[in-house]
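In what follows, a single structure is set out as structure tokens and then discussed.
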Amino acid sequence: MKVIFENVTKKFGNFTAVDNLNVKFKDGEFVALLGPSGCGKTTTLLMIAGIYKPSSGKIMFDDKVMNDVLPKNRNIGMCFQSYALYPHMTVFENIAFPLKLKKMSKDEIKKRVMQAANKVEIGHLLDRKPGQLSGGQQQRVSLARALVKEPQIMLLDEPLSNLDARLRINMRAEIKKLQKDLGINMVLVTHDQTEALTMADRIAIMNNGKLQDFDIPEELYENPKNLFIANFIGNPPMNFIDVELVEEEGKYFVKNEVIKLELPESSRERFDFSSCSKQLVLGIRPEDLTITESKCNTLQAEIYVVEPLGRDKLVNVVIGERKYKIIAPPKFNADTGDKVNISLNFAKIHLFDKTSEGSIRRNRV
Ligand SMILES: Nc1ncnc2c1ncn2[C@@H]1O[C@H](COP(=O)(O)OP(=O)(O)O)[C@@H](O)[C@H]1O
Ligand SMILES: [Mg+2]
């Protein structure tokens, strides 16, 4: 089922929580709504559910306008951060609850509950009460209760936030696998960029009620359209340096009081230098910086502190007054106060207009 937002705005009094949203989810797609707290993710989800009605614009499922369709007529499964299980009911009774409301026969209910429970691998826990389950098991019960109605679309609002780190990583994969197996639409609300990147087919990234971009994870990571996306996606986050673009003898340089770097010829293909502003922000991810012997076209830095991460080392350096992060191999050996040179992978640099905050790279294909 396609889910289509056409010029959808949601206001609470004078406050605009979702601002003119235009986006189309494909049939069977796993979409993440990503952004900082308060950016309008839950409001968007509740409009899909029919719990909120858009102030203006249209929401469509395939070609049917849904604005006036009640939640109970939408064939939707929902699962929230607080699993909202009934503590006095067993797991079986919790999962069966939505079907009882539909006055389904006892045999049919039993069959459906077993099927849903088996899909999330809790078939052996049906007699327990929620209080006798771990967080991850409660999460699965909540998923099973959403699935048991055989919804066309599943809406998940921060479903993993209450789980400990290890379980969260496991459940990420489990929910993704479940979505692939069932082939139903899934919409996941999260403020956690790793969750969005790892789970979703496409990510709608929002800020202040406005959609920033809607694209596949790789594209948002490799080619962020603006500073907000560049800053929000990636862990550890992208490094940013305020620079001025200068042209000297046919070559382009970026510089400030402490650095001057020559941009390679090839960067003209990626960026439009002719019409852009001269005040830019250069962005580079920690994995695209390398500590090197060379003093040629490199940054001179002092090591602030080194954090071993096992697989690699996170090296924090200071250039001028500002701190930057670099991913170095585990064998990297240096310590606080050491002077190092840092080379950039120029094929991976990002340049943003300092005023508009938009990327100055040429149009994406
Ligand atoms: N029922 C409501 N009444 C008034 N303001 C609301 C209501 N629901 C949400 N908001 C406001 O709308 C903004 C977006 O909220 P929400 O969609 O819950 O954000 P998110 O889920 O991204 O954290 C917030 O500033 C929030 O305070
Ligand atoms: Mg929310």
Side-chain angles (χ1 to χ4, degrees), residues 3-25 29-59 66-71 74 76-85 135 138-139 142-143 145-146 151 153-163 168 171-172 175 179 185-200 202-215 217 220 224-235 237:
V3 179
I4 301 155
F5 287 79
E6 239 179 61
N7 305 321
V8 170
T9 292
K10 178 66 186 174
K11 292 190 174 198
F12 298 107
N14 287 331
F15 178 78
T16 305
V18 175
D19 193 354
N20 196 33
L21 179 62
N22 283 287
V23 73
K24 237 183 233 183
F25 305 161
E29 191 168 34
F30 193 157
V31 171
L33 302 178
L34 174 69
S37 178
C39 74
K41 306 179 296 294
T42 296
T43 304
T44 304
L45 199 76
L46 294 178
M47 286 195 284
I48 301 176
I51 294 166
Y52 286 160
K53 199 174 157 177
S55 310
S56 60
K58 273 196 288 194
I59 293 182
M66 298 301 287
N67 291 38
D68 294 319
V69 178
L70 292 173
R74 290 193 182 210
I76 269 169
M78 296 188 77
C79 179
F80 295 103
Q81 176 179 357
S82 63
Y83 312 128
L85 301 175
Q138 290 184 31
Q139 171 65 52
S142 167
L143 278 171
R145 189 178 53 185
I153 177 163
M154 280 273 279
L155 307 178
L156 312 175
D157 196 344
E158 311 264 4
L160 307 181
S161 302
N162 285 349
L163 304 179
R168 212 155 50 217
M171 284 307 289
R172 255 175 17 207
I175 292 176
Q179 192 272 339
N185 289 68
M186 214 175 254
V187 183
L188 167 80
V189 160
T190 180
H191 64 275
D192 179 337
Q193 55 94 34
T194 310
E195 243 168 68
L197 288 175
T198 52
M199 295 171 77
R202 285 195 291 173
I203 300 172
I205 180 165
M206 300 176 72
N207 190 29
N208 292 329
K210 291 194 179 69
L211 184 70
Q212 303 293 304
D213 203 358
F214 180 49
D215 214 326
L220 294 178
K225 250 188 190 171
N226 62 37
L227 266 178
F228 173 81
I229 301 169
N231 192 26
F232 200 80
I233 291 194
N235 182 27

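Each ligand, and each atom within it, is numbered from 1 in the order the structure gives.
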Worksheet item: Out of L45, T43, N207, who gets a non-hydrogen atom closest to atom 15 (O) of ligand 1?
Response: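 Looking at heavy atoms only, T43 sits closest to atom 15 (O) of ligand 1.
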Worksheet item: Of the choices M47, K41, H191, E158, which has the non-hydrogen atom that lies closest to atom 22 (O) of ligand 1?
Response: K41
Expected output: side-chain [X] to main-chain [Y] donor-acceptor under 3.5 Å:
X	Y	result
R74	I48	yes
R172	E195	no
N208	K210	no
T190	L34	no
N207	G35	no

Practice prompt. Check if G35 has a non-hydrogen atom at a distance under 4.0 Å from any atom of ligand 1.
Written response: no
Response to the item:
Residues pairing under salt bridge (Lys or Arg N to Asp or Glu O under 4.0 Å) where one sits in residues 39-53, two or more places apart or in two chains, turn out to be K53-D68
Within-cut-off N or O pair, [X] and ligand 1, under 3.5 Å:
X	answer
G38	yes
A17	no
F12	no
T42	yes

Worksheet item: Under 2.8 Å from the Mg ion (ligand 2), how many protein N/O/S atoms can be counted?
Response: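 Of the protein's nitrogen, oxygen and sulfur atoms, 1 lie under 2.8 Å from the Mg ion (ligand 2).
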Discussion item. I need the atoms of ligand 1 closer than 4.0 Å to a non-hydrogen atom of G40, numbered in the order shown.
Written reply: 14 (C), 17 (O), 19 (O), 20 (P), 22 (O)
Practice prompt. Could you list which atoms of ligand 1 come closer than 4.0 Å to a heavy atom of Y52?
Written response: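 Selected atoms, number and element: 1 (N), 8 (N).
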Worksheet item: Under 4.0 Å from atom 6 (C) of ligand 1, do we find at least one protein heavy atom?
Response: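 It does: a protein heavy atom is found less than 4.0 Å away from atom 6 (C) of ligand 1.
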Discussion item. Please tell me if atom 27 (O) of ligand 1 is touched by the protein, where touching means a protein heavy-atom distance below 4.0 Å.
Written reply: no
Worksheet item: With under 30° as parallel and over 60° as perpendicular, where do the rings of F12 and Y52 fit, or are they tilted in between?
Response: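 Aromatic pair F12/Y52 classed perpendicular.
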Worksheet entry | Flag side-chain contact, heavy atom, 4.5 Å: P159 against L188 | yes
Discussion item. Tell me whether N22 at atom CG has more than 12 heavy atoms from other residues, nucleotides or ligands lying less than 6.0 Å away.
Written reply: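 For N22, atom CG is crowded (more than 12 foreign heavy atoms under 6.0 Å).
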Worksheet item: Considering all heavy atoms of both residues, which atom of I76 and which atom of P151 are nearest to each other, and what is their separation?
Response: C-CB, 3.7 Å
Fill in: Nearest atoms (heavy-atom pairs only) where D19 meets T9
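Heavy-atom minimum between the residues: C-OG1, 4.0 Å.
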Item to complete: Around atom 11 (C) of ligand 1, find the nearest protein heavy atom and jot down its residue, atom name and distance.
Response: F15 CE2, 3.8 Å
Worksheet item: Hey, mind stepping through Q193 and N235 against side chain to side chain donor-acceptor pair (under 3.5 Å) and telling me if it holds?
Response: CA-CA 8 Å; Q193 55 94 34; N235 182 27; 5.3 Å; no
